[in-house]
Peer 1: 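Please read through the structure below; I'll follow up with questions.
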Amino acid sequence: MCPSSSSAKGSKGAMHWFRKGLRIHDNPALVACLEQSPQRVYPVFVLDGNSYQLLRCTALRANFLVETLQDLDENLRALGSRLYVLKGDPTKALPKFWKEFNITHMSFEEDESGEPYAAERDEKIIEKAQKANVRLFSQCTETMYPLKDYVTKAGAKGVPATMTGFQKLFKSMKPMSKVLPAPEKEDFPDMDEDDLLAAQYLPPKRPTDLPWPRGIPKSEVEPLWGPKDCKNLTPIVHGGETLARKALTESLKRSNWVATFEKPKTSCTSLAPSTTALSPYLSWGCLSPREVWFALDEAVSRASSNVKPSKPPVSLHGQMLWRDFNNLMAHDANKEVPGCWNKMEGNKYCRQIPWDDDPRLLEAWKTGKTGFPWIDAAMRQLTQEGWIHHLGRHAVACFLTRGDLWQSWEEGAKHFEAELLDADYALNGFNWLWLSCSGFFFQYFRCYSPIVFQKKNDPNGQYIRKFVPELKDLPSKYIYEPWEAPASVLQKAGVKLGKTYPRPLVDHAVISKENMNRMKQAYDAHKARAQTQGGAAKKKQRK
DNA sequence: TAATTGTTGACTCC
DNA sequence: GGAGTCAACAATTA
């Protein structure tokens, strides 16, 4: 069956290219597409194995995308439309689709953070669209305000590199534009039945339907969805706009909780998330950040008059501000050196620190076999559920980098990108810079202990018992430090150190002090470099 | 130039 | 559980 039926030829066809922003509510680019009054509209997603979302991607993440695309297709079908899913390189697949369906207009949500693959891809697409006479429409809706608006508002002095500065900038912005409702059935033109049925463009049903990255041997991108599936994994949330909206409503029902939320006070050892866990929906764009912001306003207004509301940066509104701030920082760094944001070299916000490169230590960290039960539990939750509480991420990130193992944050960031359901280019990079004391946060003498940090929250180690079951029968006294337990206690709990559970990789008390000295040296070198460069710049100015 | 502030440390003492 | 100390960062404010 040829999808481009004779009736399609000559009539005006428009498409909306979904990349992130996988939703129909508050999607101005989709609305702009419908407003072109085309005779036919094609909502399109391209499964691109080399995209940021899929290049390093575990079964859990792949499954989340499949669920999200299925949901998007269902929601579009309820409006008399459907989702058209293409496979492969968008710079080839899209021009082919334009030709086949006589597309004259294409809309999409811009990717402003400067993620290098997306930036290159879009540059090529814009060029090809010009040649093919396809008119492009784009909107900047990944953040609450377009990043370029923050840049304009900040003016000649440049964008602020501190959260306090960003909050001031945010306050000075004009009111946020109104949230758009989802389009209605009447907004979509009637479609040719052949087009609606075209089976070659159906969304994927399972992770194994997703394409492998082009030009990369399978062995180099393990673990991916190929060798293992999701059967025994338990994602913290499932994909799709429908579930996202339900989760948002559910979270915000507790208006007093919303109004008094303070991020640092939430627990990272509770077995059910102590935060909203909406982050995967924000990172894939199942939820609009502006809609979340206004929904928070509404929830806070419902709170009892006697509660004292929390404020940014610790409040839930504050979490939305961090998100925009992180995107702005990524955007700004990449503007200077394209693609530098998740790298140490060339990134103007990143201190140069001589990290070690020990694959054995990295692997132990990734697989949750460091011998520190609390660290291992968090790393295994990541693999099992695709999520760790924010403070848990802090603890494991500090442990991998400046705290204990002295491995590069770049490696940690790559692992998080593969495994986190909410993996986000800008946020992931920012948080790794922060935790490794490479940028934005510099108090390296404040170090998380892999032992005592969670003892106060979870003295009995229920979180460890869940995710590190080989230790579940240890008495609470030793659950955070099994190496301290007498042989008889270990034997009774069925633990053989070095066999059923590893001995600790390092002596935290000793190594964390040594690492602080290494940080001091790296900072001193940074200062010396800055002075030399500053001196040289002044000299040049005088000339 | 000095003091203050910064989403989320650990430890000791009381 | 709250306050002060540890050994001391960068950016901003006074």
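Within every chain, numbering begins at 1; the chains are lettered A, B, ... in the order of the sequence lines, protein sequences first and strands thereafter.
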Peer 1: Looking at C:dA10, B:dG9, B:dT7, which one has an atom nearest to any side-chain atom of A:His390?
Peer 2: B:dT7
Peer 1: Which whole-number value in Å describes the distance from A:Phe445 CZ to C:dC6 C1'?
Peer 2: 9 Å
Peer 1: Choosing from B:dA10, C:dA10, B:dT7, which nucleotide comes nearest the side chain of A:Val452?
Peer 2: B:dA10
Peer 1: Please verify the inter-ring angle class for A:His389 with A:Trp387; under 30° counts as parallel, over 60° as perpendicular, anything in between as tilted.
Peer 2: perpendicular
Peer 1: Which nucleotide in the list C:dT13, B:dG6, B:dT8 gets nearest to the side chain of A:Lys168?
Peer 2: C:dT13
Peer 1: Would you find more than 12 non-hydrogen atoms of other residues, nucleotides or ligands less than 6.0 Å from A:Glu484 atom CD?
Peer 2: yes
Peer 1: What nucleotide among B:dT8, C:dT12, C:dA10 has an atom nearest to a side-chain atom of A:Thr162?
Peer 2: C:dT12
Peer 1: Anything under 30° is parallel, anything over 60° is perpendicular, the rest tilted; go ahead and classify A:Trp406 against A:Trp355.
Peer 2: tilted
Peer 1: So which nucleotide from B:dA10, B:dT8, B:dT7 ends up closest to the side chain of A:Arg446?
Peer 2: B:dT8
Peer 1: Give a yes or no on this: more than 12 heavy atoms of other residues, nucleotides or ligands lie within 6.0 Å of atom CD of A:Gln491.
Peer 2: no
Peer 1: Can we call the ring centroids of A:Tyr444 and A:Tyr523 under 6.0 Å apart?
Peer 2: yes
Peer 1: So what does A:Arg393 touch, heavy atoms closer than 4.0 Å: a base, only the sugar-phosphate, or nothing?
Peer 2: nothing
Peer 1: Using heavy atoms and a sub-4.0 Å distance, could you list which residues of residues 510-524 of chain A are near DNA chain B? By number, please.
Peer 2: none
Peer 1: For A:His526 and C:dA11, give me the distance from atom NE2 to atom P, rounded to whole Å.
Peer 2: 7 Å
Peer 1: Between A:Phe399 and A:Trp365 (judged by ring centroids, cut-off 6.0 Å), do the two rings come close enough to count as a pair?
Peer 2: no
Peer 1: B:dG6 and C:dA8: how far apart are their P atoms, nearest whole angstrom?
Peer 2: 23 Å
Peer 1: Tell me, yes or no, whether the heavy-atom count around A:Lys369 atom NZ, taken from other residues, nucleotides or ligands under 6.0 Å, exceeds 12.
Peer 2: no
Peer 1: Once the angle between the rings of A:Phe430 and A:Trp434 is folded into 0 to 90°, is it parallel (under 30°), tilted (30 to 60°) or perpendicular (over 60°)?
Peer 2: tilted
Peer 1: Taking a pair as Watson-Crick (N1 to N3 plus N6-O4 or O6-N4) or G-U wobble (N1-O2 and O6-N3), both under 3.5 Å, which stems of 3 or more consecutive pairs involve DNA chain C?
Peer 2: B:1-6 with C:9-14, B:9-14 with C:1-6
Peer 1: With a 4.0 Å cut-off, would you call A:Glu470 and A:Arg380 a salt bridge?
Peer 2: yes
Peer 1: Over how many whole Å does the gap from A:Leu435 atom CG to B:dG9 atom C1' extend?
Peer 2: 12 Å
Peer 1: For residues A:Phe166 and A:Trp322, establish whether the separation of their ring centroids is below 6.0 Å.
Peer 2: no
Peer 1: What nucleotide, of B:dT8, B:dT7, C:dA10, holds the atom closest to the side chain of A:Gln319?
Peer 2: B:dT7
Peer 1: Name the closest nucleotide to the A:His394 side chain, picking from C:dA8, B:dT8, B:dT7.
Peer 2: B:dT8
Peer 1: Taking atom C1' of B:dA10 as reference, at what distance in whole Å does atom CZ of A:Arg402 sit?
Peer 2: 12 Å
Peer 1: Between atom CD in A:Gln443 and atom P in B:dA10, what is the gap in whole Å?
Peer 2: 14 Å
Peer 1: Can you list, in residue-number order, the parts of residues 325-336 of chain A that come under 4.0 Å of DNA chain B, counting heavy atoms only?
Peer 2: none
Peer 1: Could you state the atom-to-atom distance from CG of A:Leu321 to C1' of B:dT7 in whole Å?
Peer 2: 12 Å
Peer 1: Measure up the A:Tyr463 and A:Trp374 rings against each other and bin them: parallel (under 30°), tilted (30 to 60°), perpendicular (over 60°).
Peer 2: tilted
Peer 1: What is the distance, rounded to the nearest whole Å, between atom NZ of A:Lys157 and atom C1' of C:dA11?
Peer 2: 15 Å
Peer 1: Classify A:Phe453 by what it touches in the nucleic acid, base, sugar-phosphate, or nothing, heavy-atom distance under 4.0 Å.
Peer 2: sugar-phosphate
Peer 1: Using atom NZ of A:Lys311 as one end and atom P of B:dT5 as the other, report the distance to the nearest whole Å.
Peer 2: 16 Å
Peer 1: Counting any heavy atom closer than 4.0 Å, what does A:Thr164 reach on the DNA or RNA strands: base, sugar-phosphate only, or nothing?
Peer 2: sugar-phosphate
